[in-house]
Chemist: 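Encoded as structure tokens, here's the structure I'll be asking about.
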Protein chains: 2
Amino acid sequence: MTPRSRPNDDELSDCPTPPRRPTIVDVARAAGVSTAVVSYTLNGRSGVSATTRERVLRVADELGWRPATAARSLRSGPAAAALVVVHDQPFGTRAAFPLDLVSGALQTLGPDTLTLALHVAESPAGAALLMDRWWTERRYAAFVVTGVRVDDARLAALRTLPAPTVVVGAAADGGPPTWRHVVLDDGEAFTQLGAFLADLGHRRIAMVAGSESLVAPVRRAAALEAALVRHGIQLRTVAGDGPERASAALRPLLSAADRPTAIVTDDDATAGLVLDVARRLGLGVPWDLSIVAGTDSPACYLTTPSLTAVPYPVEELGRATGWALRAVLGTATSRRAVGADPVGGVDPPSGAVPVGRLVVRGSTAPPAGD
Amino acid sequence: MTPRSRPNDDELSDCPTPPRRPTIVDVARAAGVSTAVVSYTLNGRSGVSATTRERVLRVADELGWRPATAARSLRSGPAAAALVVVHDQPFGTRAAFPLDLVSGALQTLGPDTLTLALHVAESPAGAALLMDRWWTERRYAAFVVTGVRVDDARLAALRTLPAPTVVVGAAADGGPPTWRHVVLDDGEAFTQLGAFLADLGHRRIAMVAGSESLVAPVRRAAALEAALVRHGIQLRTVAGDGPERASAALRPLLSAADRPTAIVTDDDATAGLVLDVARRLGLGVPWDLSIVAGTDSPACYLTTPSLTAVPYPVEELGRATGWALRAVLGTATSRRAVGADPVGGVDPPSGAVPVGRLVVRGSTAPPAGD
DNA sequence: TTGAAAGCGTTACCAT
DNA sequence: ATGGTAACGCTTTCAA
């Protein structure tokens, strides 16, 4: 019943060596069938009688058989995708984004279907280089790109490979047919935010913009500006990329006679900074100044007062990314079909991921003179 | 000169299909040598004449040859390690830790040598399951474990596999010979912190502890307590795992008549919370209350006043992790030798990673009655 | 329904 | 110094 471990195994030294993992050859021998039958069975394909299938599965289980990734990849191509995170600036508060995104993606990707690995690169160009290398080495079957830059070296590289790609948070279209876009409807959210501030009575509004090399912050600022214009308000924008630049810009802005009564930031950390600068200048929040963080996070309710913020549904973005990943691997010149059943909710991949309604906390109020 | 792409390629449909990547067979044919010579050349092994080597390298480069990961792994075992991050609670402020750690590890790991992938699991048990699976599937050659729990399912699993493992931030020893420990000398740092506070004149000191299921926070609290005992001070400790528990514990603590004059936290976010609660209670920081964050981060100088903090050298921890990874893969029943040259600094892997001196900012001062 | 055998791309051993 | 070739573990025709 117990098969000999290997035919060409030397008899002497099998005690100290760790026992070889069983292969389908072992399973086939133990089950008294050929390897083809085992392969068919283990991949759930038709053409195997029920009794044989059951016996093979039982034997495989008893032997503790597990597929060897490398052998499988050699024939069928890799069954993994990668997200290469660009580690430009030291990670700020939003640094958990990639981890949360992957966490969300796992909810729509079964753990068996397709695995999503995270890697780190120093720059977009470095990330592009890695993806190029890993694609030609057939290490990954697809890639996920987040934090898209204005002229992004990664997208340029992926376009020429061309590898199945999921682009998160950039434009809703473009790229080869093997690309999918996951978009966040933050334009809509910032439009609503504009209306919210205008309705509160604010007329002098400023935005501390995020990095102007990043696509999403630019889009968000534009959406807010457009919304305010519809209320006859002109948005003042100051550069806010990094704490130094932000506080340098904030001090004169908040000291001036016609200082804004409301300030919107692109991220949560900068909103905290605004709060700090305001306090140093003796401005009461929210009475003298309203503050809105453009990206909600746990840090937003740690401050005094807590910060009104635009939600940032990273997990849902991740779920959508999972769907998109299955889509590109279905579409693409893919080397292996993705598994059947989705794991998480039954959401079919719809349009943009909705942001949801502004989270109003203590940092916003009507302007003082109202 | 240009070799035919494949011998058994059908002649008709090679326009639309993406051209096959060249293999060493192609290189061998083009260079007029055998695949063995090509393999030896590309792996930089001796036994190939200089002229042949040069020709082979040139041809391989012209053809754009890249090794196929799967084929290589099939023979030599995987050349990648994985860090499975446990995503218990939503990632807070320290969430960037894994990313920064990997970033540091890349500095001692060449990109070609060994790649380090990041994955996410829902729980320690889930992570253990994944690592078990991926080890038996021969997907990864080694694993990195961070954020070690008191009874950690991951370590138990890794011990039985047994897989080469790098344990970051737990005890300095233990485990099979294929394990390496990367330890942070935060015990020393917290000892110094105790002396610092005592020297300032503080006598009533409290610590808002981190999660008691995590090894590192427990050790840090113990170090502080021991240091203070040597100064005749008894440390009061309150549970601080999560913002809710922390603020629930802080309010009565800071309202009491014998409230502490100094508070130490385990992490940065909790320190911000302490600052907030103190402010609401009308306590001036640092005059009425000194605050020290047990983990420095960019958030620590965003507050008013900025927070005195214990440094947290994650990148250096990462570099040490890189070294440890090379060590376990040298030691282990490893399936492939790790590459030769370290990339970053020439640091030989010494003892514990030093934390460095306390970063004194605005949140600490002698107690009021002094 | 099942078996035999040909790959997949690379490495390593044994001849030459 | 170089060539031939057998693994590595799995998938997938093609026959039986």
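In what follows, every heavy atom counts, from backbone to side chain, and hydrogens, waters and symmetry copies are set aside. So you know, we letter chains A, B, ... as the sequences are listed, proteins then strands, and number each from 1.
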Chemist: Using only side-chain N and O atoms of Arg45(B), determine if any of them is under 4.0 Å from OP1 or OP2 of dA12(C).
Modeler: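 For dA12(C), OP1 or OP2 has a side-chain N or O of Arg45(B) closer than 4.0 Å.
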Chemist: Would you please confirm or rule out a distance under 4.0 Å between OP1 or OP2 of dT2(C) and any side-chain N or O of Ser49(A)?
Modeler: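 Checking Ser49(A) against dT2(C): at least one side-chain N or O falls below 4.0 Å of OP1 or OP2.
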Chemist: I want to confirm an ordering. Mapping Val48(A) and Thr35(A) to their closest nucleotides on DNA chain C, which one lands closer to the 5' end?
Modeler: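 Result of the comparison: Val48(A).
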Chemist: Which residue, Ala36(B) or Ala71(B), contacts DNA chain C at a nucleotide closer to its 5' end, judged by nearest heavy atom?
Modeler: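 Residue closer to the 5' terminus by nearest nucleotide: Ala71(B).
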Chemist: Ion pair present between Arg29(A) and Asp26(A), side-chain N to carboxylate O less than 4.0 angstrom?
Modeler: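 Salt bridge flag = yes for Asp26(A) with Arg29(A).
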Chemist: Think Thr23(A) has a side-chain N or O under 4.0 angstrom from the OP1 or OP2 of dG9(D)?
Modeler: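 The answer is no; no side-chain N or O of Thr23(A) sits under 4.0 Å from OP1 or OP2.
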Chemist: Considering only dG9(D), dG3(D), dA12(C), which nucleotide approaches the side chain of Arg138(B) most closely?
Modeler: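 Closest nucleotide among those given: dG9(D).
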Chemist: Using the side chain to side chain contact (heavy atoms under 4.5 Å, CB included) definition, which of the options Val144(B), Leu118(B), Thr146(B), Leu99(B) pairs with Val85(B)?
Modeler: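 So the option named by the test is Leu118(B).
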Chemist: Roughly, in whole Å, what's the span from CG in Leu42(A) to P in dT12(D)?
Modeler: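 Taking atom P of dT12(D) as the reference, CG of Leu42(A) is at 13 Å.
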Chemist: Going from CG on Leu161(A) to CH2 on Trp134(A), what distance comes out if it is rounded to the nearest 0.5 angstrom?
Modeler: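 Going from the CG atom of Leu161(A) to the CH2 atom of Trp134(A) covers 13.5 Å.
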Chemist: Could you give the CG-to-P distance, from Leu74(A) to dT10(C), as a whole number of Å?
Modeler: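 So the two atoms are 9 Å apart, to the nearest Å.
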Chemist: So, OP1 or OP2 of dC8(C): does either fall under 4.0 Å of a side-chain N or O from Ser76(A)?
Modeler: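 Looking at the OP1 and OP2 atoms of dC8(C), neither is under 4.0 Å from any side-chain N or O of Ser76(A).
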Chemist: Tyr40(B) OH to dG4(D) P: how many Å, rounded?
Modeler: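 Atom OH in Tyr40(B) sits about 15 Å away from atom P in dG4(D).
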Chemist: Could you check how far CZ of Arg72(A) sits from C1' of dG9(C), rounded to whole Å?
Modeler: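 Between C1' of dG9(C) and CZ of Arg72(A): 18 Å.
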Chemist: Can you list the steps and then say if Tyr140(B) with His119(B) is a ring-ring contact (aromatic ring centres under 6.0 Å, His included)?
Modeler: CA-CA 12 Å; Tyr140(B) 290 110; His119(B) 290 272; 5.7 Å; yes
Chemist: Hey, is the side chain of Trp65(A) poking within less than 4.0 Å of OP1 or OP2 on dG9(D), counting only N and O atoms?
Modeler: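 Result: no.
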Chemist: Please give, in whole Å, the distance from dG9(C) C1' to Leu63(B) CG?
Modeler: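 Going from CG in Leu63(B) over to C1' in dG9(C) covers 15 Å.
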Chemist: Output the rounded distance in Å from CD1 (Ile24(A)) to C1' (dC8(D)).
Modeler: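 It works out to 12 Å between those atoms.
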Chemist: Charged N to carboxylate O below 4.0 Å: is that the case for Arg58(A) and Glu54(A)?
Modeler: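 Not counted as a salt bridge, because no side-chain N and carboxylate O are separated by less than 4.0 Å.
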Chemist: Please state how far atom CZ in Arg75(A) lies from atom P in dA5(C), giving the value in whole angstrom units.
Modeler: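 To the nearest whole Å, that distance equals 17 Å.
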Chemist: OP1 or OP2 of dT1(C) sitting under 4.0 Å from any side-chain N/O of Arg53(A)?
Modeler: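 Looking at the OP1 and OP2 atoms of dT1(C), neither is under 4.0 Å from any side-chain N or O of Arg53(A).
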Chemist: Does Val33(B) reach a base, just sugar-phosphate, or nothing at all? Heavy atoms under 4.0 Å.
Modeler: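 Result for Val33(B) = sugar-phosphate.
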